[in-house]
Engineer: 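Below: one structure in structure tokens.
A, B, ... follow the sequence lines: proteins, then strands. Residue 1 opens every chain.
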Protein chains: 2
Amino acid sequence: MARYSEIKKILKSHKLRITDRRIDVLEFFLREKRTMSFKDLEEEFKDSDRVTLYRTLNAFTEHGVLHKIPDDSGFATYGLCHDTCDSEDHYHDHMHFKCNECGNIECLEENVPVVEIPGYQVKEANLILKGTCRTCVA
Amino acid sequence: MARYSEIKKILKSHKLRITDRRIDVLEFFLREKRTMSFKDLEEEFKDSDRVTLYRTLNAFTEHGVLHKIPDDSGFATYGLCHDTCDSEDHYHDHMHFKCNECGNIECLEENVPVVEIPGYQVKEANLILKGTCRTCVA
DNA sequence: TAGGTTTACGCAATAGAGTTGCAAAAATGA
DNA sequence: TCATTTTTGCAACTCTATTGCGTAAACCTA
Ligand SMILES: [Zn+2]
Ligand SMILES: [Zn+2]
Ligand SMILES: [Zn+2]
Ligand SMILES: [Zn+2]
């Protein structure tokens, strides 16, 4: 974790106070480079209070550090935002892939195909693909 | 509700026992012709036990009478299946639309566009559009 | 259609994910 | 350093949904 100054900079630029918890959580996301469920975080930070973790995730989501990945499984999953996201403006048009084998959820590079429905105003589109991911296919 | 015999036939063909509750719930779906959340059903069937409603919805979903619509809101929503669905085989490729104004979720005719991701095996795709529905746009 | 088996129902309790209230602790800024 | 604001930790709580179990209803077969 040689990124302490970088992490501080990210928190500051997103108008978040710098606390030990937030540094730890953000560092974890940056290090793992993958989406994370609440359970993942709970396991990593056993000493931390559940409520604080929830509040950290909410704060990060509100301030454009993380985006919450829509999921029907009942487990919220979070992924890192682009550099350009902040409180006012953070939109994500990319698709997500959930692997039935390993259970991981990935942010894909590709954007959700644009869909137009006559008579409807489409403002947002979430596409979740399920199947077997690259790692598990091999 | 002049469809009693029809409803009975549907239940039988899906290998479901015919009970008063199931007839009522299925009749409600057929009459309303729209997707229904658990709350909708609870309000319609105030005299019924919540658990029975949950179990009815689960049985219908397992036997291909209803399909559960993936939703990140924490409220399960259900829509009628096609005639061809049964316990073994009920797949749905259609998109869903959630209106931010009225809150209703609609099953759309159109299927989810086919997406291929190199290296991945895509087996299922759920696309949920959000915005303003035809009724609320007007 | 009666009798035995299987399944559904109703009630209470429980599980699981997430939130809220509040006092103490920490971060910020002057 | 000190005052102000935000965050943390703990307990209690909300909300959706499930499980266990005894009773009631549906089904099947003779
Ligand atoms: Zn974002
Ligand atoms: Zn993502
Ligand atoms: Zn179906
Ligand atoms: Zn549908």
Engineer: Measure distances between side-chain N and O atoms of B/Arg21 and base N and O atoms of C/dG10, and say whether any donor-acceptor pair falls under 3.5 Å.
Structural biologist: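 There is none.
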Engineer: Please work out whether the ring planes of A/Phe45 and A/Phe28 are parallel, tilted or perpendicular, with thresholds of 30° and 60°.
Structural biologist: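 Ring orientation of A/Phe45 relative to A/Phe28: perpendicular.
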Engineer: Quick one: A/Phe75 CZ to D/dA17 P, roughly how many Å, whole number?
Structural biologist: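 About 14 Å, once rounded to whole Å.
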Engineer: Could you tell me whether the side chain of A/Lys98 reaches within less than 4.5 Å of the side chain of A/Ile69, counting heavy atoms only?
Structural biologist: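 A side-chain contact under 4.5 Å is absent here.
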Engineer: Within the 4.0 Å heavy-atom criterion, would you say A/Ala76 contacts the bases, only the backbone, or no part of the nucleic acid?
Structural biologist: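 Here A/Ala76 touches the backbone only, sparing every base.
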Engineer: In whole Å, I'd like the distance from the NZ atom of A/Lys15 to the C1' atom of D/dT5.
Structural biologist: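 Going from NZ in A/Lys15 over to C1' in D/dT5 covers 17 Å.
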Engineer: Grab the CG-C1' distance between B/Leu11 and D/dC27 for me, whole Å please.
Structural biologist: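 It works out to 14 Å between those atoms.
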Engineer: Check the angle between the aromatic planes of A/Phe97 and B/Tyr120 and answer parallel, tilted or perpendicular using the 30° and 60° thresholds.
Structural biologist: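 Perpendicular.
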Engineer: Whole angstroms only, please: what is the CZ-P distance between A/Arg55 and C/dA26?
Structural biologist: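 Rounded to the whole Å, the gap is 16 Å.
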Engineer: Within the pair B/Tyr54 and D/dT18, is there a side-chain N or O less than 4.0 Å away from OP1 or OP2?
Structural biologist: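 No.
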Engineer: Assuming nearest nucleotide by heavy-atom distance, tell me which of B/Arg17 and B/Lys39 is located more 5' along DNA chain D.
Structural biologist: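 On the 5' side of the pair lies B/Lys39.
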Engineer: Please report the distance, rounded to the nearest Å, between CD1 in A/Ile18 and C1' in D/dT8.
Structural biologist: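 In whole Å, D/dT8 C1' lies 17 Å from A/Ile18 CD1.
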Engineer: Salt-bridged, A/Asp24 to A/Arg31, with N to O below 4.0 Å?
Structural biologist: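 No.
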Engineer: Report yes if at least one side-chain N or O of A/Thr19 is closer than 4.0 Å to OP1 or OP2 of D/dT8; otherwise report no.
Structural biologist: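 Yes, because at least one side-chain N or O of A/Thr19 sits under 4.0 Å from OP1 or OP2 of D/dT8.
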Engineer: Which comes earlier along DNA chain C counting from the 5' end, the contact point of B/Leu16 or that of B/Asp49, where each point is its nearest nucleotide?
Structural biologist: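 That would be B/Leu16.
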Engineer: With no hydrogens and no angle check, is any side-chain donor or acceptor of A/Thr35 less than 3.5 Å from a backbone partner on A/Ile105?
Structural biologist: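 Side chain of A/Thr35 to backbone of A/Ile105: a pair is present.
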Engineer: On the nucleotide D/dT7, are OP1 or OP2 found under 4.0 Å from the side-chain N or O atoms that A/Arg22 carries?
Structural biologist: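 Checking D/dT7 against A/Arg22, a side-chain N or O does come within under 4.0 Å of OP1 or OP2.
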Engineer: Could you tell me the separation between the CG atom of A/Asp20 and the P atom of C/dA27, rounded to a whole number of Å?
Structural biologist: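 Interatomic distance, CG of A/Asp20 to P of C/dA27: 6 Å.
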Engineer: Could you tell me how far apart B/Asn58 (CG) and D/dT16 (P) are, to the nearest whole angstrom?
Structural biologist: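 About 16 Å, once rounded to whole Å.
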Engineer: Between C1' on C/dA8 and NE2 on B/His63, what's the gap in Å once rounded to a whole number?
Structural biologist: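 Taking atom C1' of C/dA8 as the reference, NE2 of B/His63 is at 12 Å.
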Engineer: Assess whether one donor atom and one acceptor atom, taken from the side chain of B/Arg50 and the base of C/dG10, lie less than 3.5 Å apart.
Structural biologist: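 For B/Arg50, whose side chain was compared with the base of C/dG10, there is no donor-acceptor pair (under 3.5 Å).
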